[in-house]
> 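I have a structure I would like to understand better, so I am pasting it below and will then ask my questions one at a time.
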Amino acid sequence: MPRFFFNINDDVELWDEEGTELPDLDAARRAAIRYAGELLREAAKSVGFGETWQLRASDQSEAVLFTIDVKVTLNQAALSLPCSDVAHRQKQTRAQQSERAVHSN
């Protein structure tokens with residue numbers, strides 16, 4: 001069974017020294033997404049606007065197989081609003097998008 005390594009870069013390189021044995025690349029993709037979600041949940045306070053976070057999956061030869069890139073981008077219109085207003089507008093936008101998706105089906 002192949003071994004996959006999930007290395008993290010959030011301004012500091014964190015190397016996966018052990019790796020994880022998984023049956024194939026698709027299983028590695030699913031595991032990487034779950035792992036990235038867990039790490040991002042823990043790092044939520046430390047990843048600010050304009051910053052990037054990356055998980056690189058590699059094989060035993062250290063060849064990068066795929067990456068998961070996250071960048072927090074602030075909408076320029078939000079700069080003039082208090083933070084609570086930005087959150088409220090994001091909720092409204094998501095609700096409007098969900099409503100449009102329901103009506104388009």
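The figures here come from the full heavy-atom set of this structure, side chains too, leaving out hydrogens, waters and symmetry mates. It should be emphasised that the depicted structure is a prediction, and the values quoted were computed from it without experimental measurement.
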> Taking all heavy atoms of Asp16 and all of Phe4, pick out the closest pair and write down the distance.
OD2-O, 4.1 Å

> Please check if atom CD in Glu18 has more than 12 non-hydrogen atoms from other residues, nucleotides or ligands closer than 6.0 Å.
no

> Roughly how far apart are Asp10 CG and Leu39 CG, rounded to 0.5 Å?
9.0 Å

> Working to the nearest 0.5 Å, report the span between CH2 of Trp15 and CD of Glu62.
6.0 Å

> Determine whether more than 12 heavy atoms belonging to other residues, nucleotides or ligands lie under 6.0 Å from atom CZ of Phe66.
yes

> Distance check, rounded to the nearest 0.5 Å: Gln60 atom CD versus Phe5 atom CZ?
5.5 Å

> What distance separates Phe6 CZ from Ile68 CD1, expressed to the nearest 0.5 Å?
8.0 Å

> Quick check for you: to the nearest 0.5 Å, what is the distance between Arg30 atom CZ and Asp24 atom CG?
6.5 Å

> Mind checking the CG-CG spacing from Asn7 to Leu14? Nearest 0.5 Å is all I need.
9.0 Å

> Check Ala31 against Leu22 and note the closest heavy-atom contact, atom names and distance.
CB-CD1, 3.9 Å

> Indicate, with yes or no, if Val12 and Leu40 share a hydrophobic cluster defined by side-chain heavy-atom contacts under 4.5 Å among Ile, Leu, Val, Met, Phe, Trp and Tyr.
yes

> Kindly give the heavy-atom pair with the smallest separation between Glu21 and Arg3, and that separation in Å.
OE2-NH2, 3.2 Å

> Can you give me the closest heavy-atom contact between Ser61 and Asp59, atom names plus distance?
OG-OD1, 2.7 Å

> Under a 4.5 Å cut-off applied to non-hydrogen side-chain atoms, are Ile8 and Trp53 in contact?
yes

> Examine Leu25 and Ile33 and state if one hydrophobic cluster contains both, with Ile, Leu, Val, Met, Phe, Trp and Tyr joined whenever side-chain heavy atoms are less than 4.5 Å apart.
yes

